[in-house]
**Q** 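First, the structure itself, so that you have it in front of you.
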Amino acid sequence: MKQKNKIYEVKNFSLENEQLLQYETLFHNANGYLGVRSNFEEGYPDSYQTVRGEYINGFYNFSRMNQAEKLCGLTEEKQVMPNLVDTQGIQLTVCGEPFSMFRGKILDSARILDMEKGVTIRRVIWRSPGQRELEIEITRMTSFKMLPLFTIEYRVRALNFSGSIEFFSTHIGDVRNSFSSKDPRVADGAARHLRPEAAVFTPEGFSTITSHTTTSRLTAVSMVCNRLSYPAAESREARGPAAVQEFRLNLDQGHSVTLTKYTVLCDSVHYQNCEDLAADLMKQAVSVPLSDWYHAQERYLKQFWETGNIQLEGDDALQNAITYNLYQLIQSVGKDPHSNIAAKGLSGEGYEGHYFWDTEMYIEPYFLLTRPSLAKNLIAFRYTTLDAARRNARILGHRKGALYPWRTIMGRECSGYFPSGSAQYHINGDIAYSVVNYYLTTKDFDFMVHCGAEILFETARLWMDVGNYYKGKFRINCVTGPDEYTCLVNNNYYTNVIARYNLKWAARFYRMMTEENKISPLAERLCLTREEILSFQQAADDMYLPYNQELDINPQDDSFLSKEKWDFSQTPPDSFPLLMHVHPLSLYRRQVCKQADTILAHFILEDEQPLSTMRHSYDYYEKITTHDSSLSSCIFCIMAARFGMTEKAYSYFGKSAQTDLMNTHGNTKDGLHIANMGGVYMSIVYGFGGLRIKEDGLHLAPVLPQKWGGYSFKLYFENSLLAISVKHPVCEITLLSGTEKTLFFYGKAHQLKDRLNIPLEPWGEKI
Ligand code: BGC
């Protein structure tokens, strides 16, 4: 299939405040380390709201968490991803007239995200109130090659005049985070998280601001260098925690001038001695033409798209949406084990830069199949925060094991409201599941011996402490499952089934490592005995999984079916998301779901239940699920495809793919919905492609929605790279590299040597 142009462009874009806030997110630049919102260099009118921010993934400050009642063990301090600095500012003045899109006349404008080049562009043809016409093109990049580097290339062309031009480039250390007192998904207090030192200029002329977090004792250094393509009078000044550099020149009609502004931002979480490093990196950055950095960016992305893209035939709008979503994943994911991937990536301040289970259950699968080394980093991050998870378990009263925090940056819990926060113990199972998934996909036993197994043992231990036997069954009481509209329940099906998987695999790895003579050092260090392992296995075998025979469904938990159903006929459309309009208790005592819960369990562990139970459950939960969480539609898409309801799956997929581009959840301004973006990938590969990775190998069961001519993608499995193309009437699999394999299609084994052509089957319709 032909590669489509990877451009997302909005022509003659709106200058309405709400829309600009969304664009700040949609056109942000990020590389997994550094993120910059897409603010206008020159700013907006004073009456406008903006979230003007530059962030580093994994960098944090501590902030007080005010609990209304000081109950034992509640979180009293959280981490926040601080807004670090403002290096976006460039004021342009033409013959004394300051450029602003809100004055004079816009003759033409466009905002562009070029996903092959890895840059964003704002293009404007502007007529000033004094009738001077200018063409302005601003290209921005956060470099994948040098992660701390952010560049702005600001080109101005005089169209109908000759005259004076002035650039005023600012570097401001005194910045704050934004907040909302109305939305629990955003921070609730405007905060200044950094104490900037006074700005200084290095001998090379780079302005430098060193800032210290107010409470977490971390340092961030920003360095700025401005270069002009044209001879100009230049002046510079440092004023407290700010630096300005000014350029004055005369430009002839038809000519253009370019200001290139380099920012290097380094932090003490990722780097030692970041002040020296910033200076070294800046020297390196300016020692070659900017075009070299652009080429490196394009090379990086060429490689990324090589295996990372999905091609769709016959639906350009959806193709563009898919490409956009996948691009945001590579922009957001941490590139080292010191950082992870925040719920909003680096695109905004929603959820305060926290990492959730979103990583393991929604995002990691993409990297695991297309760039396994990045998935490995994400697990390594959980390994490096395992000690913090052990401490967290003690805070919650557990005698052994580790409990990962529901939301975090550096490993400590940040949940303010424990019923839908810390009580989501399934995070432990999610992380364990992802570790096993990593192993089954890569067979990287070494990694398991060094990191993975310890995570499995410590999370398994926690289940033994949180659960208990009653009437011969192992039960897990008082936890919250993925559905945040049902809290603090006994035996949440999702939690129990994933805990069982966790326990089972901990026992299995113990056996595998024993056979390979690799268990002793770890077992000794953890004081892990054979008896304890046997207890894991026993609890897994005895795990209680709620089942209702009459309905042939898995109830979400012990009390779920006894509750009254939510009355949707009395719920006006503007009452969604319900969490913004209804007291939590009203939700908790009704059958109403924010998101996929049991359905997600059926997707990830489909062999635990007969198909009929999964199908009946789907019909049951679909009627009471609001999809108020963006993590929901993609799972309903995947399972609709599993049951042969391809057109229903297609409809869920459309919703999921357009979530941010169409702002369907109304809060894209606070940042992208990154888990959903991973869900878009999963919808195609696991949903329509029917991919499952199981102990016996890789399974596929492709189906094709009527509107599509076909779709194709590549993936790594074990040591091989496979290309999969689904086009009526066959699915073609090509072994691009690696060794021959047995693959399963619609449950039947086939041997892949070079290429296989499997006729498409009406999968799932057999139910
Ligand atoms: C969802 C959670 C999710 C969080 C961050 C919430 O709305 O209910 O499942 O982890 O958002 O994306």
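First listed ligand is number 1; within each ligand, the first listed atom is number 1. Index from 1, following the sequence.
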**Q** Can you list the atoms of ligand 1 that are under 4.0 Å from a heavy atom of L631?
**A** 3 (C), 9 (O), 12 (O)

**Q** Is it true that H270 and Y33 have ring centroids separated by less than 6.0 Å?
**A** yes

**Q** What about W463 and H398, are their ring centers closer than 6.0 Å?
**A** no

**Q** Is it the case that R407 places NZ or CZ above or below the six-membered ring of F356, under 6.0 angstrom from the centre and within 45 degrees of the axis?
**A** no

**Q** Should you measure from each heavy atom of W357, which atoms of ligand 1 turn up under 4.0 Å away?
**A** 2 (C), 3 (C), 9 (O), 10 (O)

**Q** How does W406 reach ligand 1, if at all, at less than 4.0 Å between non-hydrogen atoms: by side chain, backbone, both, or neither?
**A** side chain

**Q** Would you say the ring centroid of F381 lies under 6.0 angstrom from that of Y355?
**A** yes

**Q** Identify whether NZ of Lys or CZ of Arg in K655 sits under 6.0 Å from the centre of the six-membered ring of Y652 and within 45° of that ring's axis.
**A** yes

**Q** Given H354, E484, K594, which has its nearest heavy atom closest to atom 7 (O) of ligand 1?
**A** K594

**Q** List every atom of ligand 1 that sits less than 4.0 Å from any heavy atom of D358, numbering the atoms from 1 in the order shown and giving each element.
**A** 3 (C), 5 (C), 10 (O), 12 (O)

**Q** What atoms in ligand 1 come closer than 4.0 Å to a heavy atom of S629?
**A** 1 (C), 8 (O)

